[in-house]
Amino acid sequence: QVQLVESGGGLVQAGGSLRLSCAASGRTFSNNAMGWFRQAPGKEREFVGTISWNGGSTYYADSVKGRFTISRDNAKNTVYLQMNSLKPEDTAVYYCAASRLLIPNRTMAFYDYWGQGTQVTVSS
């Protein structure tokens, strides 16, 4: 059974940092791009960032560029999202996902596996 399990969410004050992890099991995703998405209450799920299969390329939503960093450790089958300078508008459930593509991409339709999400709450 393929599973993606996010962890590391929580409550943090504005300006603080959190590091999310996404551990995959059931198969290796070392040949897949990975992505992070988020969904705030009452809003649609949106793209946060993506990383290529080998970690060589990353792309971010404009709203998080310069504050968030995606990395991966294929030996551990794990992807990370380092979030710095957090803002209240970053409050959301964060999901990691595995793409069917090698290259980083922001289109949700290209992601076949999803985690259950982890809550991030940023207080002002």
Side-chain angles (χ1 to χ4, degrees):
Q1 181 182 0
V2 177
Q3 278 191 312
L4 298 176
V5 179
E6 302 97 335
S7 62
L11 174 64
V12 63
Q13 287 188 329
S17 298
L18 282 174
R19 188 194 196 204
L20 305 184
S21 298
C22 172
S25 61
R27 56 161 284 184
T28 179
F29 289 103
S30 58
N31 292 321
N32 300 79
M34 300 292 290
W36 285 95
F37 296 81
R38 67 186 182 185
Q39 187 166 18
K43 295 188 176 181
E44 292 187 350
R45 192 170 299 188
E46 65 176 5
F47 169 77
V48 173
T50 178
I51 187 167
S52 63
W53 68 279
N54 63 354
S57 297
T58 54
Y59 296 99
Y60 301 94
D62 288 343
S63 59
V64 306
K65 199 173 297 182
R67 300 187 298 122
F68 290 12
T69 303
I70 296 176
S71 60
R72 66 188 298 163
D73 185 339
N74 284 342
K76 295 182 179 180
N77 222 15
T78 301
V79 179
Y80 306 96
L81 180 66
Q82 178 67 44
M83 306 185 294
N84 298 329
S85 303
L86 282 161
K87 305 175 181 180
E89 52 263 44
D90 294 318
T91 294
V93 176
Y94 284 71
Y95 299 89
C96 75
S99 175
R100 70 188 68 159
L101 306 178
L102 287 168
I103 58 174
N105 63 96
R106 60 181 65 205
T107 304
M108 280 188 281
F110 290 150
Y111 288 82
D112 296 322
Y113 298 97
W114 291 81
Q116 83 291 345
T118 185
Q119 176 71 47
V120 171
T121 303
V122 184
S123 63
S124 56

same_hphob_cluster([X], [Y]) at 4.5 Å side-chain heavy-atom cutoff:
X      : Y     : result
Tyr80  : Phe68 : no
Val122 : Val48 : yes
Val93  : Val64 : no

Could you tell me whether Phe37 and Trp114 have their ring centroids closer than 6.0 angstrom? yes
Tell me whether the centres of the aromatic rings in Phe29 and Tyr113 are closer together than 6.0 Å. yes
Using 0.5 Å steps for rounding, measure from the [atom1] atom of [X] to the [atom2] atom of [Y].
X      : Y      : atom1 : atom2 : value
Ser124 : Lys87  : OG    : NZ    : 14.0 Å
Leu81  : Glu6   : CG    : CD    : 10.5 Å
Met83  : Asp90  : CE    : CG    : 7.5 Å
Arg100 : Tyr111 : CZ    : OH    : 11.0 Å
Tyr94  : Ser7   : OH    : OG    : 15.0 Å
Ile70  : Gln82  : CD1   : CD    : 11.5 Å

Looking only at heavy atoms, the pair that brings Ala33 and Leu102 closest together is CB-O, 3.5 Å
Tightest non-hydrogen contact, residues Ser17 and Ser85, listed as OG-N, 4.3 Å
Let me have the donor-acceptor pairs involving side chains of residues 103-110, under 3.5 Å, with sequence neighbours excluded, atom names and distances please.
unit_1: Asn105; atom_1: ND2; unit_2: Ser99; atom_2: OG; d: 3.1
unit_1: Asn105; atom_1: ND2; unit_2: Ile103; atom_2: O; d: 3.0

If we only count heavy atoms from C-beta on, is the [X] to [Y] side-chain gap below 4.5 Å?
X     : Y      : answer
Val79 : Cys96  : no
Thr91 : Gln119 : yes
Asn77 : Arg72  : no
Thr69 : Tyr60  : yes
Thr58 : Thr50  : no

Does OH in Tyr59 sit with more than 12 non-hydrogen atoms of other residues, nucleotides or ligands closer than 6.0 Å? no
Lys NZ or Arg CZ of Arg38 over Tyr95 ring: under 6.0 Å, within 45°: no
Would you give me the side-chain donor-acceptor pairs under 3.5 Å for residues 19-27, sequence neighbours excluded?
unit_1: Arg27; atom_1: NH2; unit_2: Asn32; atom_2: OD1; d: 3.0

Would you sort out whether Leu18 and Leu86 count as a side-chain contact (heavy atoms from CB on, under 4.5 Å), showing the intermediate values? CA-CA 8 Å; Leu18 282 174; Leu86 282 161; 4.2 Å; yes
Donor-acceptor contact present, side-chain [X] to main-chain [Y], <3.5 Å:
X     : Y     : result
Ser63 : Ala61 : no
Asn74 : Trp53 : yes
Ser52 : Ser57 : yes

Check step by step if side-chain contact (heavy atoms from CB on, under 4.5 Å) holds for Leu4 and Gln116. CA-CA 7 Å; Leu4 298 176; Gln116 83 291 345; over 6 Å; no
